[in-house]
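Excluded from the calculations below are hydrogen atoms, water molecules and symmetry mates; all remaining heavy atoms, backbone and side chain alike, are included. Computed from a prediction, not measured in an experiment: that's the story for all the values here.
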Amino acid sequence: MRIPEIILVTKSECHLCEAAREVVSRVASEAGVGWQERRIDDDDALRDRFAEEVPVVLVDGVQRDFWTINEARLRRTVEAARQG
(Lines give C-alpha, C1' and ligand atoms only; values in the text may rest on other atoms or scores of the structure.)
Protein backbone atom coordinates (compact mmCIF):
# COMPACT_ATOMS: atom_id res chain seq x y z
CA MET A 1 0.00 0.00 0.00
CA ARG A 2 1.15 3.50 -0.70
CA ILE A 3 0.96 6.47 1.65
CA PRO A 4 -1.08 9.38 0.27
CA GLU A 5 -0.07 12.97 0.96
CA ILE A 6 -2.89 14.77 2.79
CA ILE A 7 -2.74 18.55 3.12
CA LEU A 8 -5.31 20.73 4.85
CA VAL A 9 -5.20 24.37 3.75
CA THR A 10 -6.51 26.71 6.46
CA LYS A 11 -6.40 30.30 7.67
CA SER A 12 -6.46 31.92 11.07
CA GLU A 13 -9.73 32.65 12.87
CA CYS A 14 -11.72 30.18 10.76
CA HIS A 15 -14.38 28.07 12.47
CA LEU A 16 -14.74 25.82 9.42
CA CYS A 17 -10.98 25.20 9.57
CA GLU A 18 -11.25 24.00 13.16
CA ALA A 19 -13.94 21.48 12.18
CA ALA A 20 -11.93 20.41 9.11
CA ARG A 21 -8.85 19.86 11.28
CA GLU A 22 -10.81 17.42 13.45
CA VAL A 23 -12.14 15.50 10.42
CA VAL A 24 -8.76 15.27 8.67
CA SER A 25 -7.02 14.25 11.88
CA ARG A 26 -9.57 11.51 12.57
CA VAL A 27 -9.55 10.11 9.02
CA ALA A 28 -5.75 10.19 8.74
CA SER A 29 -5.35 8.53 12.13
CA GLU A 30 -7.79 5.76 11.23
CA ALA A 31 -5.93 5.18 7.95
CA GLY A 32 -2.55 5.21 9.69
CA VAL A 33 -1.20 8.09 7.61
CA GLY A 34 0.10 11.53 8.46
CA TRP A 35 -1.14 14.87 7.25
CA GLN A 36 0.07 18.45 7.06
CA GLU A 37 -1.61 21.77 7.63
CA ARG A 38 -0.66 24.78 5.56
CA ARG A 39 -2.03 28.24 6.24
CA ILE A 40 -2.80 30.78 3.56
CA ASP A 41 -1.77 33.41 6.12
CA ASP A 42 1.83 32.27 5.63
CA ASP A 43 1.88 31.50 1.90
CA ASP A 44 1.03 33.96 -0.90
CA ALA A 45 0.66 31.23 -3.53
CA LEU A 46 -1.84 29.30 -1.40
CA ARG A 47 -3.73 32.50 -0.61
CA ASP A 48 -3.97 33.38 -4.32
CA ARG A 49 -5.22 29.89 -5.18
CA PHE A 50 -7.56 29.09 -2.27
CA ALA A 51 -8.56 32.34 -0.53
CA GLU A 52 -12.28 31.91 -1.25
CA GLU A 53 -12.45 28.16 -0.58
CA VAL A 54 -10.70 27.63 2.77
CA PRO A 55 -10.58 25.11 4.33
CA VAL A 56 -9.41 22.92 1.45
CA VAL A 57 -8.27 19.28 1.53
CA LEU A 58 -5.72 18.08 -1.00
CA VAL A 59 -4.90 14.41 -1.42
CA ASP A 60 -1.80 13.78 -3.51
CA GLY A 61 -1.96 17.36 -4.77
CA VAL A 62 -5.57 17.15 -5.98
CA GLN A 63 -8.25 19.30 -4.36
CA ARG A 64 -10.80 16.88 -2.92
CA ASP A 65 -13.07 19.03 -0.76
CA PHE A 66 -13.52 22.56 0.57
CA TRP A 67 -15.53 24.58 3.10
CA THR A 68 -17.27 21.75 4.94
CA ILE A 69 -15.13 18.62 4.73
CA ASN A 70 -17.17 15.47 4.15
CA GLU A 71 -15.68 12.79 6.40
CA ALA A 72 -17.06 9.79 4.50
CA ARG A 73 -15.86 11.14 1.15
CA LEU A 74 -12.41 11.89 2.57
CA ARG A 75 -12.20 8.41 4.05
CA ARG A 76 -13.04 6.86 0.64
CA THR A 77 -10.55 9.12 -1.13
CA VAL A 78 -7.73 8.27 1.26
CA GLU A 79 -8.47 4.56 1.03
CA ALA A 80 -8.50 4.69 -2.78
CA ALA A 81 -5.20 6.59 -2.74
CA ARG A 82 -3.68 3.99 -0.43
CA GLN A 83 -4.68 1.26 -2.89
CA GLY A 84 -2.78 3.08 -5.60
Exercise. Arg75: what forms a salt bridge (charged side-chain N to carboxylate O under 4.0 Å, His left out) with it, not counting sequence neighbours?
Worked result: Glu30, Glu71
For this session: For Glu18, enumerate each residue passing the salt bridge (charged side-chain N to carboxylate O under 4.0 Å, His left out) test, keeping only those at least two apart in sequence or located in another chain.
Result: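 For Glu18, no residue satisfies salt bridge (charged side-chain N to carboxylate O under 4.0 Å, His left out) once neighbours in sequence are set aside.
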For this session: Drop me the distance from Leu74's CG to Trp35's CH2, to the nearest 0.5 angstrom.
Result: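 So the gap between those two atoms works out to 11.0 Å.
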Problem set entry | Residue pairs fulfilling side-chain hydrogen bond (donor to acceptor under 3.5 Å, both in side chains) with at least one residue in residues 47-57, sequence neighbours excluded |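 Sorted result for residues 47-57: Asp44-Arg47, Glu53-Gln63.
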Exercise. Tell me, which pairs form a side-chain hydrogen bond (donor to acceptor under 3.5 Å, both in side chains) where one or both residues lie in residues 1-12, sequence neighbours left out?
Worked result: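 Of all non-adjacent pairs touching residues 1-12, those that pass side-chain hydrogen bond (donor to acceptor under 3.5 Å, both in side chains) are Arg2-Asp60, Thr10-Glu37, Ser12-Asp41.
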Exercise. Tell me the disulfide (SG to SG under 2.5 Å) pairs involving residues 10-78, sequence neighbours left out?
Worked result: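 For residues 10-78: Cys14-Cys17.
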Problem set entry | Nearest non-hydrogen partners of Leu16 and Trp67, listed with the distance |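 So the minimum-distance heavy-atom pair works out to CB-O, 3.9 Å.
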Seminar exercise, completed: Shortest non-hydrogen pair, Pro4 vs Arg82, comes out as CD-CG, 3.5 Å
Honestly curious: do [X] and [Y] fall in one hydrophobic cluster under the side-chain, below-4.5 Å linking rule?
{"X": "Ile6", "Y": "Ile69", "value": "yes"}
{"X": "Leu8", "Y": "Val56", "value": "no"}
{"X": "Val24", "Y": "Val9", "value": "no"}
{"X": "Val62", "Y": "Val27", "value": "no"}
{"X": "Phe66", "Y": "Ile40", "value": "yes"}

Exercise. Excluding sequence neighbours, so at least two apart, what forms side chain to side chain donor-acceptor pair (under 3.5 Å) with Gln83?
Worked result: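 Expected list: Glu79.
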Exercise. For the side chain of Asp65 and the backbone of Asn70, is there at least one donor-acceptor N/O pair under 3.5 Å apart?
Worked result: yes
Exercise. Distance-only, no hydrogens or angles: does the Ser29 side chain make a donor-acceptor pair with backbone N or O of Ser25 under 3.5 Å?
Worked result: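 Not at all, since once roles are kept as given, no pair shorter than 3.5 Å links the two residues.
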Exercise. Would you call Asp43 and Arg38 a salt bridge, taking side-chain N to carboxylate O under 4.0 Å as the test?
Worked result: no
